[in-house]
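These values consider heavy atoms only, across backbone and side chains, with no hydrogens, waters or symmetry-generated copies.
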Amino acid sequence: TSVLSRAAASFRPGSSALPPTRPGITGSANTPPNAVGGRCRCHCGRKIRTGTPRTIVATGPNEVWAYDFVHDRCANGQVVKCLTVVDEATRECLATETASSMGAAEVIRVLDRLVTEYGVPEVLRSDNGPEFISQALTDWCQENGVRIQYIQPGKPNQNAYIESFNGRLRDECLNEHWFVSLAHARAVIEAWRREYNEERPKKSLGGLTPSAYARQLAGKSATLTPGL
């Protein structure tokens with residue numbers, strides 16, 4: 001049985017269990033590596049305190065990327081599964097990858113493309129979905145020096161930026177269009193992403209669009225970096 005299959009079987013939506021902590025992953029702040037869901041994995045029955053995860057606050061580009069899935073259906077019943085990736089500092093949506101199905105391999109493919117375009121993130125923040133807790137994705141993060149921060153089950157507010165973005169995507173795009181095919185959905189969602197990044201000024205970003213704010217932060221970072 002693969003790690004992905006075991007993980008998918010072990011964790012269910014609304015479960016109080018936390019995923020096993022692996023090297024390079026930050027889960028609950030006080031949970032030791034051998035703890036799952038508040039009890040020691042050595043079967044001694046000892047309870048372990050599992051506090052709220054330490055929230056990493058992004059202040060610059062590529063410090064924290066948040067990602068999650070949004071689901072919909074086409075008029076013909078075909079499933080639409082959209083992976084959204086947002087840079088928490090710039091609020092820029094880096095990707096809205098749309099397909100009928102998507103597992104860990106497809107998530108890694110998207111991350112590889114984003115790393116080529118934007119650079120390597122320091123932290124990936126997500127829920128405990130099977131695609132995100134897979135061994136393949138864990139290995140990818142270790143190989144690229146990326147830390148993972150899982151939010152607690154049933155605590156979507158711990159991933160507030162991606163939740164807010166996905167809510168807007170649903171309200172302003174998915175609920176406003178009747179997709180006739182997956183290709184149609186992919187084109188409309190990508191067009192909406194570009195509009196969101198390039199034509200939507202935000203008060204929280206000083207009146208700049210996410211793309212313009214990202215360029216501004218990147219420029220400041222370049223002037224502060226010796227040798228650039």
Side-chain angles (χ1 to χ4, degrees), residues 26 29 52-72 80-98 107 110-111 113-129 132 146-179 184-225 228:
T26 48
T52 302
R54 296 185 183 94
T55 300
I56 301 169
V57 179
T59 58
N62 292 344
E63 289 184 3
V64 180
W65 290 0
Y67 59 167
D68 201 357
F69 287 104
V70 180
H71 299 83
D72 202 1
V80 175
K81 187 173 184 179
C82 182
L83 173 68
T84 56
V85 185
V86 171
D87 186 307
E88 291 193 0
T90 66
R91 310 295 198 272
E92 188 174 22
C93 177
L94 308 181
T96 50
E97 186 74 11
T98 304
V107 172
V110 173
L111 292 175
R113 173 169 58 81
L114 295 181
V115 165
T116 299
E117 185 172 355
Y118 297 98
V120 181
E122 295 179 20
V123 176
L124 284 173
R125 196 192 315 274
S126 72
D127 60 22
N128 302 289
F132 303 135
V146 179
R147 288 180 293 158
I148 300 176
Q149 184 171 65
Y150 293 127
I151 66 172
Q152 291 176 303
K155 299 284 186 178
N157 58 300
Q158 294 176 357
N159 208 3
Y161 288 116
I162 198 69
E163 289 292 327
S164 175
F165 175 83
N166 286 349
R168 182 165 295 185
L169 171 62
R170 182 167 297 283
D171 291 341
E172 298 180 4
C173 183
L174 303 185
N175 290 349
E176 294 296 318
H177 294 88
W178 191 242
F179 303 126
H184 180 216
R186 186 178 291 119
V188 171
I189 292 171
E190 175 60 17
W192 184 89
R193 183 188 75 87
R194 291 181 178 277
E195 179 186 323
Y196 174 88
N197 283 339
E198 301 168 7
E199 301 177 21
R200 303 277 192 91
K202 296 182 179 297
K203 290 182 179 180
S204 61
L205 303 180
L208 298 176
T209 65
S211 292
Y213 188 66
R215 289 192 294 270
Q216 182 184 84
L217 288 184
K220 289 181 179 179
S221 177
T223 59
L224 294 175
T225 302
L228 292 181

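The aromatic rings of Tyr196 and Trp192 lie parallel to each other, their planes meeting at an angle below 30°, with 60° marking the opposite boundary.
Side-chain contact between Val107 and Leu83 is present, with heavy atoms from C-beta onward closer than 4.5 Å. Using a 4.5 Å heavy-atom threshold, the side chains of Asp127 and Pro156 count as separate. Side-chain contact between Tyr67 and Leu111 is present, with at least one heavy-atom pair separated by less than 4.5 Å. Under the 4.5 Å side-chain criterion, counting only non-hydrogen atoms from C-beta, Ser211 is not in contact with Thr90. Counting heavy atoms from C-beta outward, Arg125 and Ile151 have side chains that approach closer than 4.5 Å. When side chains are defined from C-beta on, Tyr118 does not count as touching Asp87, because their heavy atoms never get closer than 4.5 Å.
The shortest heavy-atom contact between Leu169 and Cys82 is CD2-SG, 4.5 Å. Contact record, Cys93 with Arg193: O-NH1, 2.8 Å, taken as the closest heavy-atom pair. What you find for Phe179 and Ile189 is that their closest heavy atoms are CZ-CG1, 4.3 Å. Between Pro61 and Ala214, the shortest heavy-atom distance links the atoms CG-O, 4.5 Å. Scanning both residues, Val188 and Cys173, for their nearest heavy atoms gives CG1-SG, 3.9 Å. When all heavy atoms of Ala95 and Val110 are compared, the closest pair comes out as CB-CG1, 4.1 Å.
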Given side chain to side chain contact (heavy atoms under 4.5 Å, CB included), test Val64 with Tyr161 step by step and report yes or no.
CA-CA 11 Å; Val64 180; Tyr161 288 116; over 6 Å; no
The test is salt bridge (Lys or Arg N to Asp or Glu O under 4.0 Å); show your working for Glu190 and Arg186 and say whether it passes.
CA-CA 6 Å; Glu190 175 60 17; Arg186 186 178 291 119; over 6 Å; no
Step by step, work out the side chain to side chain contact (heavy atoms under 4.5 Å, CB included) result for Val86 and Glu163.
CA-CA 10 Å; Val86 171; Glu163 289 292 327; over 6 Å; no
Start with the C-alpha gap between Tyr150 and Phe132, add the side-chain angles, then the distance that decides, and say whether ring pair (Phe, Tyr, Trp, His ring centres under 6.0 Å) holds.
CA-CA 9 Å; Tyr150 293 127; Phe132 303 135; 8.3 Å; no
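In terms of modelled atom types and a separation under 3.5 Å, the side chain of Arg200 and the main chain of Asn197 share no donor-acceptor contact. Checked by atom type and distance alone, the side chain of Gln158 pairs as donor or acceptor with a backbone atom of Gln152 at under 3.5 Å. A distance-only check finds a donor-acceptor pair linking the side chain of Arg170 to the backbone of His71 [under 3.5 Å]. The backbone N or O of Asp68 lies less than 3.5 Å from a partner atom in the side chain of Thr84, making a donor-acceptor pair.
Considering CG of Asn128 and NZ of Lys155, their distance stands at 13.5 Å, rounded to 0.5 Å. Atoms CG and CZ, on Leu208 and Arg91 in that order, are 12.5 Å from each other to the nearest 0.5 Å.
Tested against Val80, the residues Val70, Leu174, Thr98 include a single side chain to side chain contact (heavy atoms under 4.5 Å, CB included) partner, Thr98.
For Lys202, the NZ atom counts as densely surrounded, since its 6.0 Å shell holds more than 12 non-hydrogen atoms of other residues, nucleotides or ligands.
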